[in-house]
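Order of the sequence lines fixes the chain letters, A, B, ..., with proteins taken first and strands second; residue numbering starts at 1 for each chain. Fair warning: this is a prediction, and the values are worked out from it, not measured in the lab.
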Protein chains: 2
Amino acid sequence: MKEQIKTYFNRYVTFEDSEIDAIYSKLEEKTFRKKEFLLTENSICRYNFFIVKGVVRLFYLDAKGHEKITQFAIDNWWITHMESFIQQIPSTQYLQAIEDTTVLCLSKSNLETLYKTYPKLERMFRLITENMLIANLRKSDIYLQMKSKERYSFFVEKLPGFAQRVPQYMIASYLEITPEYLSELRRQRI
Amino acid sequence: MKEQIKTYFNRYVTFEDSEIDAIYSKLEEKTFRKKEFLLTENSICRYNFFIVKGVVRLFYLDAKGHEKITQFAIDNWWITHMESFIQQIPSTQYLQAIEDTTVLCLSKSNLETLYKTYPKLERMFRLITENMLIANLRKSDIYLQMKSKERYSFFVEKLPGFAQRVPQYMIASYLEITPEYLSELRRQRI
DNA sequence: AGTCTTTCTTAAGATATCTTAATTTTTAGG
DNA sequence: CCTAAAAATTAAGATATCTTAAGAAAGACT
C-alpha cells in the first residue's frame with residue numbers, strides 16, 4: 001500500500017523515501033463495507049480520503065428526499081466533502097461506499113502540520129486542487145452544452161470503468177436526469 | 001495599487017513588505033476598454049489577471065455561435081481560463097472586459113519562479129484555488145437543485161453588485177437560460 | 001431453488017424551457 | 001438632440017424532461 005502512495009505522490013512532485021515514510025505514517029487505513037457511510041450529513045468531515053481500492057459516491061438529499069450524486073471516486077482518487085473538510089463546518093452531503101472499499105484517511109490537522117514541514121506536499125495539493133478545479137469547470141461546460149443523451153454517451157465513453165461498477169440509477173443521478181428518462185434514452189439509442 | 005494588492009494578499013497569508021514588493025514587481029499593469037478582449041479562443045492564456053477595477057467575463061461560443069458565459073469577475077478577483085493557463089494549451093474561451101477595466105497580469109513563468117522563492121505564495125494560491133473549487137462545486141449544486149426562477153433570485157440576492165453592472169442577457173447566459181425566458185420569469189415575479 | 005429487495009423499463013400526462021420572430025425600450029455616438 | 005445599435009419584452013408553438021404509477025427483471029440472502 002505504501003508503494004501505491006509513493007507512485008501516486010511522485011506523479012506530482014519528487015519525494016525522498018524518508019518523506020514518503022513520514023507522510024505515510026500520518027495516514028490511517030480504514031475499510032468500509034458496501035453501503036457503509038464514510039461521512040453523514042451534519043457531521044464535520046475530518047478527513048480527506050485516498051481510495052486505495054473501491055468506489056465511493058458523494059451525494060445529498062434534495063427537498064423531496066431524493067439522492068443527488070455530485071461525485072464518484074475510484075482507486076487512486078481523493079474524495080471528501082470539500083466545503084466541510086476545508087472549512088471544518090457541518091457537511092451537507094453524504095459519503096458512501098458503493099463497493100467494499102479501502103481508504104487511507106488524512107486528517108485536517110495532520111495535513112496542516114505536514115504542510116508546515118513539507119512544502120512539497122503543499123505543492124502537490126495545490127496541483128491536485130488545480131486539476132480538480134479544471135475537471136469541475138469542464139464538467140459544468142459539458143453539462144451546459146450537452147443534452148442528456150449526449151451526456152450519457154460522454155459518460156460511458158470517457159469513464160469506462162464507472163458504467164460497469166455503478167448502478168444505472170446512480171449514473172442518472174450524476175447526469176442530472178431521472179432514471180426513467182435515462183432508461184428511455186438508452187432504448188432510443190439502439 | 002500596491003496597497004490594494006498588499007491588503008488582498010494579507011487576507012490569506014502574512015507577507016513582509018519586502019516580499020510584497022518583490023512579488024508586485026513581477027505584476028504588469030494593463031487597462032482594457034469596454035468590449036476589449038484579454039484573451040481570445042485558440043491562443044494560449046499567458047496570464048492570471050487580478051482585477052484592480054472593472055468587470056470581466058469568460059465565455060465560449062457554442063455550436064450555434066451563441067455566447068455562453070461561464071464566469072464573471074469584478075474588483076479584487078482573479079480571473080483566467082484555468083485550463084489554458086495551467087496547462088499552457090490553446091484556450092477554448094474568451095476573456096472580455098464588460099466595463100473599462102484595469103488589471104495586474106501575472107504570467108505563468110513569473111508565477112512558477114515566484115513559487116520557488118516564496119512558498120507563502122504557493123500557500124496563498126493553494127487556498128485561493130480551494131476557495132474557487134468550493135465556489136464552483138457549490139454553483140453546480142445550486143444549478144442542480146434550483147429551477148431557473150430560483151437561480152435568478154439567488155443570483156440577484158447573493159451577488160448584488162453584478163445585477164447592476166452586467167446586462168440582463170449576460171446574466172441569462174450565466175444562469176443557463178435564454179434571455180427571452182428570463183424576461184418572462186421577471187415578469188411573473190411581480 | 002425461493003422469496004424479498006433492489007434495479008430497470010414502459011407509458012401517459014404534466015410542466016419547464018426553448019425557438020422564432022416581431023415589437024418596444026434603452027443606450028451610445030455624432 | 002437624433003439616429004443607429006444594443007438590449008429587453010411579448011407571444012405562439014415546439015420540445016425536452018419530469019412525474020406518477022405499475023410491472024418486469026435481476027440480484028441477494030436464507
[N] [atom2] sits how many Å from [X] [atom1], rounded?
X       : N       : atom1 : atom2 : answer
E180(A) : dT6(C)  : CD    : P     : 17 Å
R186(A) : dT7(C)  : CZ    : P     : 15 Å
E99(B)  : dA28(C) : CD    : C1'   : 15 Å
I98(A)  : dT6(C)  : CD1   : C1'   : 14 Å
K34(A)  : dT5(C)  : NZ    : P     : 16 Å

Is the shortest side-chain N to carboxylate O distance from K116(B) to E112(B) below 4.0 Å?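 No salt bridge links K116(B) with E112(B).
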Could you tell me whether E99(A) and K53(A) make a salt bridge, using a distance below 4.0 angstrom between a side-chain N and a carboxylate O?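 K53(A) and E99(A): not salt-bridged.
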Only one of Y8(A), F9(A), F15(A) clears ring pair (Phe, Tyr, Trp, His ring centres under 6.0 Å) with Y12(A); which?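 Testing Y12(A) for a ring pair (Phe, Tyr, Trp, His ring centres under 6.0 Å) against Y8(A), F9(A), F15(A) leaves exactly one candidate, Y8(A).
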How is I177(A) classified with respect to the nucleic acid when contacts are heavy atoms under 4.0 Å: base, sugar-phosphate, or nothing?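 Answer is sugar-phosphate: I177(A) comes under 4.0 Å of backbone atoms only.
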Looking at every strand, decide which applies to Y181(B) at a 4.0 Å heavy-atom threshold: base, sugar-phosphate, or nothing.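 Answer is base: heavy atoms of Y181(B) come under 4.0 Å of a base.
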Go through L104(A) and I5(A) one step at a time and tell me if the side chain to side chain contact (heavy atoms under 4.5 Å, CB included) criterion holds. CA-CA 9 Å; L104(A) 292 169; I5(A) 279 287; 3.5 Å; yes
Between K147(B) and Y169(A), name the one whose nearest nucleotide on DNA chain C is closer to the 5' end.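 On the 5' side of the pair lies Y169(A).
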Range on DNA chain D touched by chain B - first to last nucleotide, heavy-atom distance under 4.0 Å: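 Reading along DNA chain D, I get dA7(D) to dA11(D).
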Is the phosphate of dT6(C) approached by Q168(A) (side-chain N or O, under 4.0 Å from OP1 or OP2)?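 So the side-chain polar atoms of Q168(A) never come under 4.0 Å of the phosphate oxygens OP1 or OP2 of dT6(C).
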Aromatic contact between Y47(B) and F85(B), with the criterion being ring centroids under 6.0 Å apart: yes or no?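 No, the ring of Y47(B) stays outside the 6.0 Å limit from the ring of F85(B), centre to centre.
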W77(A): which of D75(A), I74(A), I79(A) passes side chain to side chain contact (heavy atoms under 4.5 Å, CB included):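 Of the listed options, the one satisfying the test is I74(A).
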Heavy-atom nearest nucleotide on DNA chain D for K35(B) versus H66(A): which residue maps closer to 5'?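 That would be K35(B).
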